[in-house]
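Whatever order the structure lists ligands and atoms in, that order sets their numbers, starting from 1.
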Amino acid sequence: MKEIRDLNILAIETSCDETAAAVVHNGREVLSNIISSQIDLHKLYGGVVPEIASRKHIEKINQVIEEALKEADVTLDDIDVVGVTYGPGLVGALLVGVAEAKAIAFARDLPLVGVHHIEGHISANYIEHQELEPPFLCLVASGGHTHLVCVREYGSYEILGRTRDDAAGEAYDKVARAIGLGYPGGPKIDRLAKEGNPDAVKFPKAHIDGAEYDFSFSGLKSAVLNYINGCKMKGENFDPADIAASFQKAVVEVLVENSMKAVDDLDLYKFAIAGGVASNTALRAAMKQACKEKGVKFYYPSPVYCTDNAAMIGAAAFYDYLGGTQHGWDLNAVPNLKLGER
Ligand code: KG4
Ligand code: ZN
């Protein structure tokens, strides 16, 4: 590991539909965190349109970086390292951030550090929990991923379980569409579920034999769609709030059960959540309770650091850089990058 000195990292994130830049000091202190969301644009199409996302990133990226520097009250002269998400994600979207980061690093003769997006989500926990250090367990649940990860040490990840089909956030988004809530569905279901009865409909929870940490959400999603279609065919009314609450209960219970099994098996007393779904109020409450019952310390980022942002990339880039990671000018976007690959 390199010696920690005062390192300012300019971090860039463009893997999906947020154009984001941040300045992060020594991995844990966020000097600025600017996010330009494209949600309003993609809402019109019911989901992210990759071509539109790339074009919007190109339009916004310079402005977002300028704002991040201004808000941090620094100039490029004060930046020591440039960090950027290079995968996984939408290839055209990733390329905008990667090209921008390479251009700045090359022009300023700065080290360039490519970051794995999921590693960024996990590292979001370092920002508000100064005392958190590996080893710990982390559930990463986002629109594209559902991973149960053991963080052995900084930059070292063991994937214990993953989804076999849909990601948790993807299931939220699809169910939300089916009950007419629109995109992105997660926050809308979260809100609506508070008005519904979680025991109104019994939806199935998938557990996979022989792979007790893995997840599967496509069966649950189909069960919700079948239930709605069944009601429509019979001319019966259904209450969207009850469906939202019952669906959410099934998702949250599986996420908590698998996570707590890993906590028991690995005998680790620190557990964190990350990713867009980690901002879900029901999941946060259930995890908090489950961790409390086991005497496990529970960590979770503020909602702004759960969904896509660049501060989390700055936190991850710091520890990667200290661990010796530095990329060359041939760094490319890797849409299916595996966690732990360099
Ligand atoms: O981490 P993220 O911003 O992007 C990816 O890396 O995918 O996660 C976005 C996902 C979307 O599927 C969105 O519906 C979900 O996170 N999400 C939520 C909530 N807020 C965002 N899901 C459930 N409850 C929420 N409050
Ligand atoms: Zn993400």
Between [X] and [Y], does at least one N-O distance fall below 4.0 Å, as a salt bridge requires?
X	Y	value
D199	K249	yes
R162	D214	no
D264	K261	no
R55	E59	no

Which protein heavy atom lies closest to [atom], and at what distance to 0.1 Å?
atom	result
atom 22 (N) of ligand 1	G186 CA, 3.2 Å
atom 26 (N) of ligand 1	D190 OD2, 2.9 Å
atom 24 (N) of ligand 1	N280 ND2, 2.9 Å
atom 10 (C) of ligand 1	G143 N, 3.4 Å
atom 21 (C) of ligand 1	G276 O, 3.4 Å

Taking only heavy atoms of [X] into account, list the atoms of ligand 1 that are under 4.0 Å away from them.
X	answer
G144	7 (O)
G169	12 (O)
T307	3 (O)

Notebook entry, point to check: In terms of the angle between their ring planes, are H121 and H117 parallel, tilted or perpendicular, with boundaries placed at 30° and 60°?
Noted result: perpendicular
Inset, instruction - Check the pair L10 / I65 against side-chain contact (heavy atoms from CB on, under 4.5 Å), numbers first and verdict last. - result: CA-CA 8 Å; L10 171 66; I65 290 172; 4.2 Å; yes
(Q) Would G275 count as a polar contact of ligand 1, with the cut-off being nitrogen or oxygen pairs under 3.5 Å? (A) no
- Would you say E158 and R152 make side-chain contact, with heavy atoms under 4.5 Å? yes
How about M260 and K294: do any of their side-chain heavy atoms sit closer than 4.5 Å? yes
Those residues at least two apart in sequence (or on a different chain) that pass ring pair (Phe, Tyr, Trp, His ring centres under 6.0 Å) with H129 are Y299
What part of [X] sits under 4.0 Å from ligand 1 if we count only heavy atoms: the side chain, the backbone, both or neither?
X	value
D308	both
H117	side chain
E18	neither

Of N309, V277, D173, the residue with the heavy atom nearest atom 12 (O) of ligand 1 is D173
Query - OH/Y300: more than 12 non-hydrogen atoms of other groups inside 6.0 Å - result: no
Residues 103-116 vs salt bridge (Lys or Arg N to Asp or Glu O under 4.0 Å), sequence neighbours excluded, gives D77-R108
**Study point:** Non-hydrogen atom of H121 closer than 4.0 Å to ligand 1
**Key:** yes
task: Please verify whether a non-hydrogen atom of C16 lies at under 4.0 Å from ligand 1.
output: no
With sequence neighbours left out, the residues meeting side chain to side chain contact (heavy atoms under 4.5 Å, CB included) with N33 are A22, V30, I35, V304, Y305, N309, A311
Full working for side-chain contact (heavy atoms from CB on, under 4.5 Å) between I52 and L41: CA-CA 9 Å; I52 294 178; L41 205 60; 3.5 Å; yes
Note on the Zn ion (ligand 2): protein N/O/S atoms within less than 2.8 Å are H117 NE2, H121 NE2, D308 OD1
